[in-house]
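Worksheet: the structure to be examined is printed underneath.
Just so it is clear, the values below take in all heavy atoms, side chains as well, and ignore hydrogens, waters and symmetry mates.
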Amino acid sequence: MKRIILASFALLATSYIQAQTKFQPQDTEFYTPKLRTVETAPNKAPSDAIQLFNGANLNQWVSSKDPSKPADWLVENGILTVKPKSGDIQTKENFEDFQLHLEWRSPLEIKGEGQGRGNSGIFLQGLYELQILDNNNNPTYVNGQAAALYKQQPPLLTATKKPGEWHTYDILYSAPKFNKDGILVKKGTITMLHNGVVVHYNTQIEGTTEYIGLPQQKSHGAGPIILQDHNDAVSFRNIWIRPL
Ligand code: MG
């Protein structure tokens, strides 16, 4: 029996080697499609990105409370800052799958604790919150700290910075897919770098990120990016998106 198995392996190996030697290098090289070119530079959006906030204005944003009204946050010296109690803001445009870059910082003045310190967030398609929070000496539930998929999945680690220092989030988002009957056929996923370090690697989205209760599955199409007003003066800059 052993001899038969060894002979079979030898035969397989010989066929493999014979098959490979039939190829020339160019047989597995191709030149189409012709790829478009994207220009890149340090600290700049790629040339094909949609600038959601480039320091000048909030033209790409509206109020989430009433999307017929303009976004009412503060823009000063190229920086966007939450106007506490004015409500969330959201992009005019809706998105499906995308690459998103943004930079944020918590207020220099430390006040509040736990979820009450430097809290904001980014809602992907308006439904799934990636948390923004000042984590410095500020214990809270781990699936509610900065970079958590809120109350679902903590980040792989804490890539923190001091209050007032700028953080970067780079997010690759694959939206959940639903069939025509509204049944989930593929869960959404998030891969994310926080300050250049991987904190989510194909994290599966279980549903909406609820403050109270379990995630809810609801069928949806394209949705906006929402930035959260959690009553803290968190600031943003250099926000861009590339639909995928
Ligand atoms: Mg939040």
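Checking Ile132, Asn119, Val82 one by one against Gln228, the side chain to side chain contact (heavy atoms under 4.5 Å, CB included) holds for a single residue, Asn119. Each of Thr158, Thr160, Thr140 was checked for a side-chain hydrogen bond (donor to acceptor under 3.5 Å, both in side chains) with Gln145, and the lone residue meeting it is Thr158. With Arg242 as reference, Asp48 is the one residue of Asp97, Asp170, Asp48 to meet the salt bridge (Lys or Arg N to Asp or Glu O under 4.0 Å) rule. Tested against Glu206 for a side-chain hydrogen bond (donor to acceptor under 3.5 Å, both in side chains), the candidates Lys187, Gln216, Lys151, Gln153 yield a single pass: Lys187.
Between Glu165 and Arg105, no side-chain nitrogen of the basic residue sits less than 4.0 Å from a carboxylate oxygen of the acidic one, so the salt-bridge criterion is not met.
Applying the 6.0 Å contact sphere to CG of Asn137 captures no more than 12 heavy atoms from other residues, nucleotides or ligands. For CD of Glu29, the number of neighbouring non-hydrogen atoms (other residues, nucleotides, ligands) closer than 6.0 Å is greater than 12. Within a 6.0 Å sphere centred on NZ of Lys186, heavy atoms belonging to other residues, nucleotides or ligands number more than 12. Heavy-atom neighbours of Glu113 CD from other residues, nucleotides or ligands within 6.0 Å: at or below the threshold of 12. Within a 6.0 Å sphere centred on CD of Glu76, other residues, nucleotides and ligands contribute 12 heavy atoms or fewer.
Taken from CZ in Phe98 to CG in Leu244, the straight-line distance is 9.0 Å, to the nearest 0.5 Å. Atom-to-atom distance recorded for Leu172:CG and Asn202:CG is 9.0 Å, nearest 0.5 angstrom.
Aromatic ring orientation, Tyr128 versus His220: tilted (interplanar angle from 30° to 60°).
For Tyr169 and His194, the gap between ring centers is short of 6.0 Å.
Put simply, the side chain of Phe53 reaches to within 4.5 Å of the side chain of Val75, judged on heavy atoms. Residues Gln217 and Pro176 form no side-chain contact, since every pair of their non-hydrogen atoms from C-beta on lies 4.5 Å or further apart. Side-chain atoms of Tyr141 and Pro154, non-hydrogen and from C-beta on, never get closer than 4.5 Å to each other.
Looking at every heavy atom in both residues, Pro67 comes nearest to Gln90 through CG-NE2, 4.2 Å.
Side-chain N or O atoms of Asn195 include one that pairs as donor or acceptor with a backbone N or O of Thr168 at under 3.5 Å.
Checked by atom type, the side-chain pair Glu210/Thr208 shows a donor-acceptor distance below 3.5 Å. Checked by atom type, the side-chain pair Tyr173/Gln125 shows a donor-acceptor distance below 3.5 Å. Side chains of Gln115 and Gln131: a donor-acceptor N/O pair is present below 3.5 angstrom, by distance only.
When the side chains of ILVMFWY residues are joined at heavy-atom separations under 4.5 Å, either directly or via intervening members, Phe236 and Leu124 end up in a single hydrophobic cluster.
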